Structure formats: C-alpha cells, structure tokens
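What follows is a set of notes on a single structure, which appears directly below.
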Amino acid sequence: MPSTAKAAASASTRATTPKCRGSKNFCGAALDARPPKPHPAKTMKDLASTFSAANAAVFAKLGLDPKHADVRRSDRPDLGEFQANGALAVAKAAGKKPQEVAQSVAAEWSATELSPAPSIAGPGFLNFKVTTDALTKRAQFVADDPLAGATPVERKRRVVVDYGGPNVAKGMHVGHLRASIIGESVKRIYRFRGDEVWGDAHFGDWGFQMGLVITALEDELGGFDDEAKLDARLKALTLDQLEAIYPAYAKRVKEGDIDVRDRARKATAALQGGSALHRTIWKAMHDVSMAAQKRDFASLGVDFDLWLGESDADPLIPGMVEDLDKKGLLEDDQGARILRVANPGETKKKKRYDGSVVEVESPDPLLVVSSEGSAMYGTTDLATIVQRMRDQKPDLILYCVDQRQADHFEQVYRAAAKAGYAQRDQLEHIGFGTMNGPDGTPFKTRAGGVLKLQDLIGQADEKARERLRENEIGADFSKEEFEDVAHKVATAAIKFADLSNFRGTSYIFDLDRFMSFEGKTGPYLLYQAVRIKSILRKAEEQRLKAGPIAIEHESERALALALDAFDGALRAAYDKKAPHFLAEHAFNLAQAFSGFYTNCPILPSEGAVRGSRLALAAATLKQLTLTLDLLGIDVPERM
RNA sequence: GCACCCGUAGCUCAGCUGGAUAGAGCGCUGCCCUCCGAAGGCAGAGGUCAGGGGUUCGAAUCCCUUCGGGUGCGCCA
C-alpha cells in the first residue's frame with residue numbers, strides 16, 4: 001500500500017479531535033437532547049412474532065421445546081407466507097419423525113383467527129397463510145401507529161455512541177465518511193426505539209499530531225520568542241494551511257526524521273503538561289479546524305449531542321494514572337508505563353526485527369504513559385470511559401470506528417474492566433470496513449492523495465445536478481429548491497450505498513452506480529417516496545379521504561406484508577448494530593409499493609376501495625420516510 | 001512470523017444462532033405507457049457458494065486444511 005494511502009487510512013480510523021471545554025455542552029447539553037419519542041399506549045407485535053407465540057404455545061402443549069417454535073417469513077412464497085422449521089429440530093429429542101411432529105402441531109393449531117392450520121411440506125416444514133382479517137388488522141395498525149408498526153425496547157438503556165472522530169490537525173476526508181454515516185444511523189435507531197442516546201464526536205485533538213503541528217509552526221516562525229509575530233500568525237491561520245502542514249511533517253517523521261519526532265513528542269508532552277504557550281497555539285488550531293468540521297458534518301446531516309474531544313478527557317488522566325498505579329496495574333517497561341491486559345496463557349508468536357521469533361502475551365499491553373511522559377490514545381480512550389461513566393452514566397458505549405482498530409479497543413476495554421471503570425460487556429466496538437476505490441484498495445484521488453470530504457460531497461452534488469437535468473426535473477424549481485433537491489439526492493445516494501452493505505465488509509465507491517435513478521439506490525427510494533407524496537397531494541386537492549383498509553388484491557397483500565416486516569428489520573438493525581437491515585427493508589417496501597401502484601389504481605378507483613388504497617399509500621409513505629430517516633436520509637417534497 | 005476478516009451469477013453485494021428450488025441490483029433477452037410520475041412493472045437466461053476433507057437426516061452457513069485477497073501486530077491515531 002502506498003504510504004499516502006496508509007497514512008490516510010490510519011488517520012481515518014479514529015474519530016478524535018477538538019473539544020469544546022468552556023462551551024456549555026460538557027454534560028448539560030446531552031441531558032436536554034431530544035427526548036425519546038413517547039411510547040404509544042397500544043402496541044402490536046408483527047405477524048412473525050404473533051405466529052411464533054402461537055406456535056410456541058402449541059409446542060409447549062405437545063411437550064416440545066418452544067425455543068424451536070420460531071416462525072418467520074417464508075422463502076417459498078408458493079407454499080406459504082410464513083414458515084416454521086422447528087419440527088425437524090425437535091423431532092430427535094421427541095423420539096418421533098419430523099413429519100409426525102409437524103402433523104401433531106398442525107392438528108393442535110388453534111389460532112385460527114391468525115391462520116388456518118398450517119400445511120406440511122417436505123420432511124416436516126410448516127407453512128402458514130395469514131388470514132385476510134389478521135393481515136388487515138395489522139396493516140390498519142401500522143397505518144394508525146405513529147411508530148409505523150415499530151416496537152420500542154423493553155428495557156430502556158443509556159447509550160453513548162462514539163463516532164465521527166476527525167482529527168483537528170487536518171480536515172475531514174473520505175475516511176470519515178463511514179463512521180459518520182453508520183454512527184449517525186445507529187444513533188437514530190437506538191434513540192427511536194426508546195433508549196436515551198448521546199452521540200459524541202470525540203474529536204482527535206490531543207495526541208502526537210498536535211505536537212507535530214506545533215513543531216512545524218515553530219520551524220516556520222523560527223521559534224516562539226516573538227509574541228506579536230506568533231499572535232499575528234495564529235490569527236491568520238487557515239484550515240488549508242493546517243491541512244498542508246500536518247501531512248508534510250507526518251511524512252518527515254515517517255521517513256525517519258528523529259529530530260522532528262523527538263521535538264514533536266516533547267511539544268506533545270508540554271501541551272499535555274499545561275504549558276500556556278502550547279495551549280494558546282493549540283486553541284487557535286482547534287478553533288480553525290472545528291469550524292470546518294462542523295460545516296462538513298452539517299452538510300452530511302450528521303449531528304452530535306456532545307462535541308467533545310480527546311482533550312476533554314485530559315484533566316482526568318493524572319488522577320486515573322494515579323488510580324491505576326494504586327491498584328497495582330501499571331508496570332514500568334523501557335521507560336514507559338504499561339498495563340497488561342492478556343490473561344494467563346493468552347500468547348502469540350511474534351517476529352522480531354532480527355528475525356527471531358518469540359512468544360509474547362496477547363493482546364499487547366496498553367501503553368498508558370509514554371517514555372516522554374505523555375498520554376497515548378489508549379490512555380485518552382480509557383480516561384474518556386471514566387468521563388462518560390461519570391457524566392452520562394451509560395449502560396452501553398458503542399464505538400463506531402474502523403475495523404482495523406479492533407485490537408486497540410480490545411486492549412482499552414480489557415484495561416477498563418481490569419481497573420473497574422466499566423464492565424467488559426458495556427463497551428462494544430462497532431467496526432466497519434474501508435471504502436475502496438475501483439482498484440479495491442482504500443479510496444484515493446486520481447493523483448493518489450486523500451480526497452477531502454468536502455470535495456467528495458461537491459462531486460456528488462454536481463453529479464446529482466446532472467442527473468436531475470438529464471431527467472428534466474426541476475426546470476420549474478427555484479435555484480434554492482433545485483440545489484436543495486440535488487444535495488438531498490447526492491446525500492441519499494452516498495448514504496444508501498454505504499448502508500445497504502453490511503458495515504463489516506469493505507465496498508467499492510462508485511459514484512455513477514450509487515447515483516443511478518434505477519435499481520437499488522438512494523435516488524430510487526427518494527423517487528418512490530416523492531411519487532407517493534405526489535399522489536397524496538393530488539388526492540388532497542380533490543378532497544379525497546383515506547378510509548379503512550381492506551385487502552383484496554394480491555399486490556395489496558404483498559404491500560401489507562412488507563409494511564408488517566418493518567419492526568423485524570428494525571430489531572435486527574438494533575440488535576446487530578447493522579443499519580443495512582433497514583436499507584434492505586426500505587427497498588423491499590418501495591418494490592412492494594411499486595407492484596401495488598402498477599396493479600391497484602389509487603386515484604382512478606372509487607369509493608371504499610380508493611379510501612383503502614389511499615390509506616395504504618399514506619402508511620407506506622410514513623414508514624418509508626421513517627425508515628430513510630433512521631438511515632439519515634431526507635426526502636424532498638418533489639423531484 | 002502470528003492473529004483477525006474476506007473469497008456466493010459477467011459486475012456490485014445480501015444470505016452464514018445449519019433446513020425446502022442459494023437471493024437482489026446492475027448488465028443481457030423479450031413483453032407492458034389512450035389510465036395516479038415507465039426514475040416503473042412482468043417474464044427469461046446466467047452460479048462446481050474458491051478447492052479438499054469432516055460433523056449432520058440435512059452445510060453457502062459449523063470444524064479442519066490448501067490456495068487467493070485484505071487488515072492488524074507498544075511509545076501515530
């Protein structure tokens with residue numbers, strides 16, 4: 001991997017950066033953040049859950065283990081709408097043939113309001129078809145429910161989602177895209193289900209990179225003795241300059257400039273040691289960077305409840321180190337202080353520089369204090385856990401950070417558990433893969449450099465404008481509306497493309513494909529939603545009202561089943577911290593609506609049928625808009 | 001060297017707490033606009049689930065192994 005790409009990748013891995021000490025948000029802002037939506041008095045489970053409960057009752061009555069009674073949507077629509085495979089699993093324990101078990105379940109089936117007794121196929125699969133009555137009730141519930149059929153969590157938790165993490169020494173680049181997109185979605189999903197959630201930017205504003213940039217400035221000014229000169233320089237500092245300075249000096253260190261490295265380490269230690277001069281310089285850099293970061297996040301539709309950074313945890317570090325020391329967890333090692341996290345017997349083989357292989361503990365110890373006396377990022381992460389436990393008192397902290405940092409988080413989490421700062425299962429790394437270029441390696445510009453996030457968004461906006469013009473959309477829009485729609489299309493394209501893949505795998509960034517208005521893309525989903533809005537607007541103009549839902553046509557059944565599936569997708573996304581389940585649902589719903597739209601005329605129909613179809617269309621729009629919102633995607637009024 | 005992840009249709013990807021004929025989008029072939037937005041719908045062709053072995057009534061899914069790719073491995077974050 002070229003060094004530039006490697007540097008970009010590693011820089012993108014952690015969202016760390018500035019902080020806003022002094023601003024009011026230290027712990028107050030989070031507490032008055034949007035409250036979870038009120039839970040409706042009445043909730044209704046989805047059909048799969050209702051089926052599973054009914055089937056579990058039958059299993060229990062027959063003396064079969066109810067845990068194998070789960071019912072899910074069928075993958076053989078020709079045989080049924082829902083299926084249960086449990087008869088095969090429990091047959092051996094029951095000492096019967098799967099077929100016999102299935103037959104006894106079918107014979108015992110009594111939830112006839114939900115479905116007639118299941119048919120049996122193959123070796124013992126149970127196939128169910130929902131009664132029109134049950135399906136209609138469910139669809140009507142979804143249509144009337146403010147949560148569109150979603151169920152809140154049973155036990156509310158306090159959750160901090162750590163994502164974003166740009167480095168203040170430079171602007172945001174493509175490496176920050178996934179953390180922002182996935183983290184934002186995870187935050188919304190958790191909050192929507194009723195948890196109390198804080199999104200924290202966790203800016204990277206406190207490590208070696210700050211000492212490095214300070215050192216570069218020292219070289220530029222020939223020292224910091226001239227106060228007026230320094231002051232003027234800091235006032236004139238721009239992000240562009242910062243972005244040019246950092247990579248240049250990072251490269252020098254990387255290429256073996258020991259002098260720069262050592263001076264930067266000392267500067268880092270001085271900053272952390274409270275040097276007023278270093279603090280002043282740091283503050284100027286921080287402020288310049290912060291303004292740009294906020295702009296970039298805003299253009300992505302990403303918002304935080306806590307705009308904190310590594311530096312905010314700094315005041316806790318001395319006390320924490322003392323505490324760790326008191327607990328006997330620290331050891332001196334080559335001038336540094338480390339905390340061992342491996343359990344007895346956990347080792348790995350390691351090749352040394354001289355080629356010899358030694359057996360060492362695994363995971364590696366956490367480096368808490370460097371030989372220079374400064375804090376490392378693991379130290380800061382550990383202190384941040386202490387801070388969050390004190391301020392937000394979370395039940396769970398989710399770290400939405402590049403998968404490549406898995407080892408690091410394992411070290412930090414183990415250290416936190418050993419020190420008693422948090423329980424191991426309260427800390428979870430939500431890792432994701434890299435965003436790659438057409439060649440399958442981490443994304444970079446044609447010149448081989450790192451693409452700035454702002455430039456990426458600019459390219460996407462331009463592509464969106466082209467697409468809109470090609471399709472003759474927006475000719476009658478005001479300039480403002482056209483720009484707004486183009487940006488929404490661009491954002492939807494990028495976010496949906498990202499979130500429709502499982503977060504753990506890497507994907508290839510292909511703007512042309514993402515921006516297509518056809519197929520499984522963000523723009524297609526926006527189109528579907530906008531088309532429904534258009535229909536409902538026309539209905540309103542004609543003073544047509546939605547009425548009770550009545551399901552008759554096959555396409556109406558399919559749409560109702562799709563609407564029913566929302567909660568299952570939501571719960572999967574929540575449990576696995578994986579928004580792609582919701583992306584998949586959005587697409588399935590849009591397709592089901594398209595089939596319905598083609599086969600079941602809405603406005604051209606009449607009376608009760610039209611009322612029902614309008615209700616189905618409105619329910620679809622509500623749920624689709626909500627699902628997209630959980631993915632962080634905004635739908636325009638028209639396009 | 002050691003560890004983790006990945007290898008599914010021409011392409012991009014789902015599926016992997018084992019279950020019926022392995023799915024979707026794009027691309028390809030063919031139908032469907034006097035009718036609410038065809039940015040759509042319908043149908044079809046296309047796959048030794050990288051290879052081999054094992055467990056099981058049953059494996060893309062679990063275990064072992066080979067090959068191929070990615071990533072990580074103490075004073076960067």
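Letters go in sequence order (proteins before strands), and every chain restarts at 1. Just so it is clear, the model here is predicted, and its values are computed rather than measured.
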Who pairs with A/Glu466 by salt bridge (Lys or Arg N to Asp or Glu O under 4.0 Å), at least two apart in sequence or on another chain?
none
Write down the atom of A/Val71, the atom of A/Ser52, and the distance for their closest heavy-atom approach.
N-OG, 2.8 Å
Just the atom pairs and distances: protein N or O near nucleotides 35-37 of chain B's N or O, under 3.5 Å.
from: B/rC36; atom 1: O2; to: A/Ile602; atom 2: N; distance (Å): 3.3
from: B/rC36; atom 1: O2; to: A/Leu603; atom 2: N; distance (Å): 2.7
from: B/rC36; atom 1: N3; to: A/Ile602; atom 2: N; distance (Å): 2.9
from: B/rC36; atom 1: N4; to: A/Tyr597; atom 2: O; distance (Å): 2.2
from: B/rG37; atom 1: OP2; to: A/Lys538; atom 2: NZ; distance (Å): 2.3
from: B/rG37; atom 1: O2'; to: A/Tyr527; atom 2: OH; distance (Å): 2.5
from: B/rG37; atom 1: N7; to: A/Ser534; atom 2: OG; distance (Å): 3.0
from: B/rG37; atom 1: N1; to: A/Met639; atom 2: O; distance (Å): 2.8

Among residues two or more places apart or on two chains, list those pairs meeting salt bridge (charged side-chain N to carboxylate O under 4.0 Å, His left out) that have a residue in residues 357-370 of chain A.
A/Arg340-A/Glu361, A/Lys348-A/Asp364
Please state the C1' separation for the pair B/rA14 and B/rA9 - nearest whole angstrom.
13 Å
Pairs: protein N or O with nucleotides 55-60 of chain B N or O, under 3.5 Å:
from: B/rC57; atom 1: OP1; to: A/Lys92; atom 2: NZ; distance (Å): 3.3

B/rG30 and B/rC35, which share atom name P, separated by this distance in whole Å:
26 Å
Can you identify which nucleotide, out of B/rA77, B/rA20, B/rC75, has its nearest atom closest to the A/Asp75 side chain?
B/rA20
Output a table of nitrogen or oxygen pairs between the protein and nucleotides 11-14 of chain B separated by less than 3.5 Å.
from: B/rU12; atom 1: O2'; to: A/Arg513; atom 2: NH1; distance (Å): 3.3
from: B/rU12; atom 1: O2'; to: A/Arg513; atom 2: NH2; distance (Å): 2.6
from: B/rC13; atom 1: OP1; to: A/Ile508; atom 2: N; distance (Å): 3.1
from: B/rC13; atom 1: O3'; to: A/Asn501; atom 2: OD1; distance (Å): 3.2
from: B/rC13; atom 1: O2'; to: A/Asn501; atom 2: OD1; distance (Å): 3.3
from: B/rA14; atom 1: OP1; to: A/Phe502; atom 2: N; distance (Å): 3.1
from: B/rA14; atom 1: OP1; to: A/Thr505; atom 2: OG1; distance (Å): 2.6

If a pair means Watson-Crick or G-U wobble with both distances below 3.5 Å, what does RNA chain B look like in dot-bracket form, with | marking bases paired to a different strand?
(((((((..((((.....[...)))).(((((.......))))).....(((((..]....))))))))))))....
Close side-chain approach of A/Tyr507 and A/Thr434, heavy atoms under 4.5 Å:
no
Could you list the donor-acceptor pairs under 3.5 angstrom formed by side chains in residues 85-103 of chain A, with sequence neighbours left out?
from: A/Gln99; atom 1: NE2; to: A/Gly122; atom 2: O; distance (Å): 2.6

I want to verify a distance call: between B/rC73, B/rG41, B/rG19, whose nearest atom is closest to the A/Ser594 side chain?
B/rG41
Between B/rA20 and A/Gln83, counting only base atoms on the nucleotide and side-chain atoms on the residue, is there a donor-acceptor pair under 3.5 Å?
yes
Return the set of residues passing side-chain contact (heavy atoms from CB on, under 4.5 Å) with A/Ala336 (not counting sequence neighbours), or none when no residue passes.
A/Leu367
Applying side-chain contact (heavy atoms from CB on, under 4.5 Å), can you list everything that pairs with A/Asp78, at least two apart in sequence or on another chain?
A/Arg76
Residue pairs passing the side-chain hydrogen bond (donor to acceptor under 3.5 Å, both in side chains) test with at least one member in residues 589-606 of chain A, sequence neighbours excluded, are A/Gln528-A/Ser594, A/Arg531-A/Ser594, A/Ser555-A/Asn599
Please confirm whether the ring centroid of A/Phe502 lies under 6.0 Å from the ring centroid of A/His580.
yes
Got a sec, which residues hit ring pair (Phe, Tyr, Trp, His ring centres under 6.0 Å) with A/Phe587, two or more places apart in sequence or on another chain?
A/Tyr524
Report the nucleotide, chosen from B/rA77, B/rA24, B/rG19, that has the shortest atom-to-atom distance to any side-chain atom of A/Tyr377.
B/rA77
Could you list the residues that satisfy side-chain contact (heavy atoms from CB on, under 4.5 Å) with A/Asn343, not counting sequence neighbours?
A/Glu346, A/Arg414
